[in-house]
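We use all heavy atoms of the structure for the numbers below, so side chains are in, but hydrogens, waters and symmetry mates are not. All chains are named by letter (A, B, ...) in the order of the sequence lines, taking the proteins before the strands, and each is independently numbered beginning at 1.
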2 protein chains.
Amino acid sequence: MPKNCNFIEKLREVGLRPTKQRIKMCEVLYNREKTFHFTINDLVKIISEKMNEKISLATVYNTVHAFEKKGYLKEISIDSHKSYFDTNTSAHHHFFDEDTHELIDCDESDIDKINIRKKITGKKINSVEVLVRVASDNQTQK
Amino acid sequence: MPKNCNFIEKLREVGLRPTKQRIKMCEVLYNREKTFHFTINDLVKIISEKMNEKISLATVYNTVHAFEKKGYLKEISIDSHKSYFDTNTSAHHHFFDEDTHELIDCDESDIDKINIRKKITGKKINSVEVLVRVASDNQTQK
DNA sequence: TCAATAGTTTAGAATTATTATAATGTAGAT
DNA sequence: ATCTACATTATAATAATTCTAAACTATTGA
């Protein structure tokens with residue numbers, strides 16, 4: 001979803017009623033310079049602490065899943081204990097910082113095109129994603 | 001861990017006491033032709049149904065994590081709702097069948113070497129892993 | 001051989017993330 | 001303004017995992 005767009009119209013377009021909770025969540029998620037990576041817990045904290053809004057936990061879950069279904073959010077699997085979501089819904093790769101638990105998008109140019117030689121009969125490839133895990137290299141330095 | 005190896009010695013080597021629960025779990029996990037991908041739930045079912053053994057759920061969790069810590073199992077993140085483990089602990093890529101929820105190892109030769117151009121200052125790359133999601137392509141066929 | 005002890009197993013309680021429920025509220029159409 | 005279908009909410013339920021503390025057992029060394 002583009003930054004500063006008319007969220008009310010955008011929501012209506014895909015058949016989601018523009019409630020005040022959904023509009024507020026759009027602002028939190030999409031009025032940003034960079035793409036945003038978050039867990040539900042992060043989001044709930046931002047809404048309640050930074051925005052000083054009260055949106056029920058169930059609504060946050062419902063809305064995140066509704067946005068995901070409509071293609072406005074993408075789920076990223078990194079850690080089996082938490083669900084990460086990404087406002088960048090295009091096919092792209094990630095760096096995951098194991099120290100800070102932060103996700104970083106890769107640009108198209110950061111990783112060469114992946115060539116998959118293996119074919120599985122009767123199956124088509126839905127996505128190819130690379131996860132690069134990084135951590136501080138202090139240990140190896142003097 | 002090699003197939004049909006002396007699990008008792010192997011466990012002692014890394015400082016894990018060879019209890020009957022751990023030896024039984026070694027047999028289930030490592031006495032196989034191919035590498036084994038499983039969730040804790042899968043494993044508990046195999047132990048109780050196929051092996052007709054009773055190992056406490058807490059012990060299965062403890063032991064899987066002990067084996068992981070000692071480098072005999074590797075956790076794979078695919079689905080944020082479940083933890084998958086892999087008896088192949090080397091760096092390698094996976095196919096994930098979204099219909100059957102089955103994981104398939106990629107051979108070295110299945111995917112070209114991945115070239116990462118991006119550098120993150122102060123961080124070293126710990127791993128680079130590719131996940132190829134596949135699903136039935138019935139939809140696109142006549 | 002046998003007791004001491006440190007590590008292990010266990011059932012069940014606790015915790016955490018997520019989803020379901022059912023009552024109340026609200027957007028959009030008439 | 002009223003109706004109706006969809007949304008929101010607090011709370012209960014569920015599922016995966018971890019914690020707890022008591023009972024058990026492999027190892028050590030007398």
Side-chain angles (χ1 to χ4, degrees), chain A residues 6-29 37-48 51-70 72-73 75-85 101, chain B residues 6-29 37-48 51-70 72-73 75-85 101:
Chain A
N6 184 343
F7 296 125
I8 294 179
E9 263 322 301
K10 219 54 178 167
L11 286 169
R12 256 196 279 259
E13 271 174 29
V14 293
L16 292 174
R17 283 190 184 169
T19 63
K20 65 179 192 302
Q21 291 85 346
R22 286 171 177 170
I23 295 161
K24 180 55 67 180
M25 283 180 64
C26 282
E27 289 166 4
V28 173
L29 295 174
H37 300 106
F38 62 93
T39 64
I40 297 283
N41 196 41
D42 296 336
L43 190 52
V44 167
K45 264 200 186 140
I46 291 169
I47 294 166
S48 67
M51 297 280 126
N52 229 55
E53 289 279 333
K54 164 86 194 112
I55 302 181
S56 154
L57 181 60
T59 302
V60 177
Y61 273 97
N62 289 340
T63 304
V64 164
H65 288 134
F67 287 3
E68 190 199 5
K69 198 168 295 170
K70 298 300 181 180
Y72 291 141
L73 286 174
E75 190 170 1
I76 312 289
S77 293
I78 286 147
D79 178 320
S80 14
H81 307 260
K82 278 179 194 165
S83 280
Y84 280 78
F85 291 88
H101 284 203
Chain B
N6 185 343
F7 296 125
I8 294 179
E9 262 321 302
K10 220 52 179 169
L11 287 168
R12 256 197 279 258
E13 271 173 29
V14 293
L16 293 174
R17 284 190 184 169
T19 62
K20 64 179 195 300
Q21 291 86 346
R22 285 172 176 168
I23 295 161
K24 180 55 66 181
M25 282 179 65
C26 281
E27 289 167 5
V28 172
L29 294 174
H37 300 105
F38 62 94
T39 65
I40 297 282
N41 195 41
D42 296 335
L43 189 52
V44 166
K45 264 201 188 139
I46 291 169
I47 293 166
S48 68
M51 297 279 127
N52 229 56
E53 290 278 334
K54 163 85 194 113
I55 301 181
S56 155
L57 182 61
T59 302
V60 177
Y61 273 98
N62 288 341
T63 304
V64 164
H65 288 135
F67 288 2
E68 190 199 6
K69 198 168 295 169
K70 298 299 180 181
Y72 290 140
L73 286 174
E75 188 168 1
I76 312 289
S77 294
I78 287 147
D79 178 319
S80 13
H81 306 257
K82 278 181 197 167
S83 281
Y84 280 78
F85 291 88
H101 284 203

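Counting heavy atoms from C-beta on, the side chains of A:Phe67 and A:Cys26 come closer than 4.5 Å. Counting heavy atoms from C-beta on, the side chains of B:Ile23 and B:Pro18 come closer than 4.5 Å.
In this structure, the nucleotide among D:dT18, D:dT9, C:dT10 sitting nearest to the side chain of B:Asn62 is C:dT10. Each of D:dT8, C:dT18, D:dA16 was ranked by its minimum atom distance to the side chain of B:Tyr61; first place goes to D:dA16. Residue B:Leu16 has its side chain nearest to C:dT8 when only C:dT8, D:dT17, D:dT8 are considered.
Between A:Asp42 atom CG and C:dT18 atom P the separation is 11 Å, expressed in whole Å. Atom-to-atom, NZ of B:Lys45 to C1' of D:dA15 comes out at 14 Å; the value is rounded to the nearest Å. Rounded to whole Å, the distance from CG on B:Leu11 to P on D:dA26 is 13 Å. One can place CD of B:Glu53 at 14 Å from C1' of C:dT9, the figure rounded to the nearest angstrom. Regarding A:Leu43, its CG atom lies at a distance of 12 Å from the P atom of C:dT18, rounded to whole Å. B:Glu13 places its CD atom 14 Å from the P atom of D:dT27, with the value rounded to the nearest Å.
Between B:Gln21 and D:dT25, a side-chain N or O to OP1/OP2 separation shorter than 4.0 Å is absent. OP1 or OP2 of C:dT8 has not a single side-chain nitrogen or oxygen of B:Thr59 nearer than 4.0 Å. Here B:His65 reaches the OP1 or OP2 of D:dT18: one of its side-chain N or O atoms lies under 4.0 Å away. The side chain of A:Ser83 places an N or O atom within less than 4.0 Å of a non-bridging phosphate oxygen (OP1 or OP2) of C:dT18.
Considering every non-hydrogen atom in both A:Ile40 and A:Val60, the closest pair reads CG2-CG1, 4.2 Å.
Aromatic ring pairs are classed by plane angle as parallel below 30°, tilted from 30° to 60° and perpendicular above 60°; the pair B:Phe38 and B:Phe85 is parallel.
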| task | Might you work through the side-chain contact (heavy atoms from CB on, under 4.5 Å) test for A:Leu16 and A:Lys10, ending with a clear yes or no? | result | CA-CA 9 Å; A:Leu16 292 174; A:Lys10 219 54 178 167; over 6 Å; no
| Pair B:Met25-B:Leu43, side-chain contact (heavy atoms from CB on, under 4.5 Å): steps then yes or no | CA-CA 9 Å; B:Met25 282 179 65; B:Leu43 189 52; 3.9 Å; yes
Report each atom pair, protein N/O against N/O of nucleotides 10-13 of chain D, whose distance is under 3.5 angstrom.
none

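Side-chain atoms of B:Arg22 do not come within 3.5 Å of backbone N or O of B:Thr63 as any donor-acceptor pair.
Of the residues listed (A:Lys45, A:Lys20, A:Lys24), the one engaging A:Glu53 in a salt bridge (charged side-chain N to carboxylate O under 4.0 Å, His left out) is A:Lys24, and it is the only one.
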| request: For nucleotides 22-29 of chain C, just jot down a letter per nucleotide in 5' to 3' order: B, S or -, based on protein non-hydrogen atoms under 4.0 Å. | output: -----BS-
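For the side-chain hydrogen bond (donor to acceptor under 3.5 Å, both in side chains) test, residues two or more places apart in sequence or in another chain that qualify with A:Asp42 are A:Thr39.
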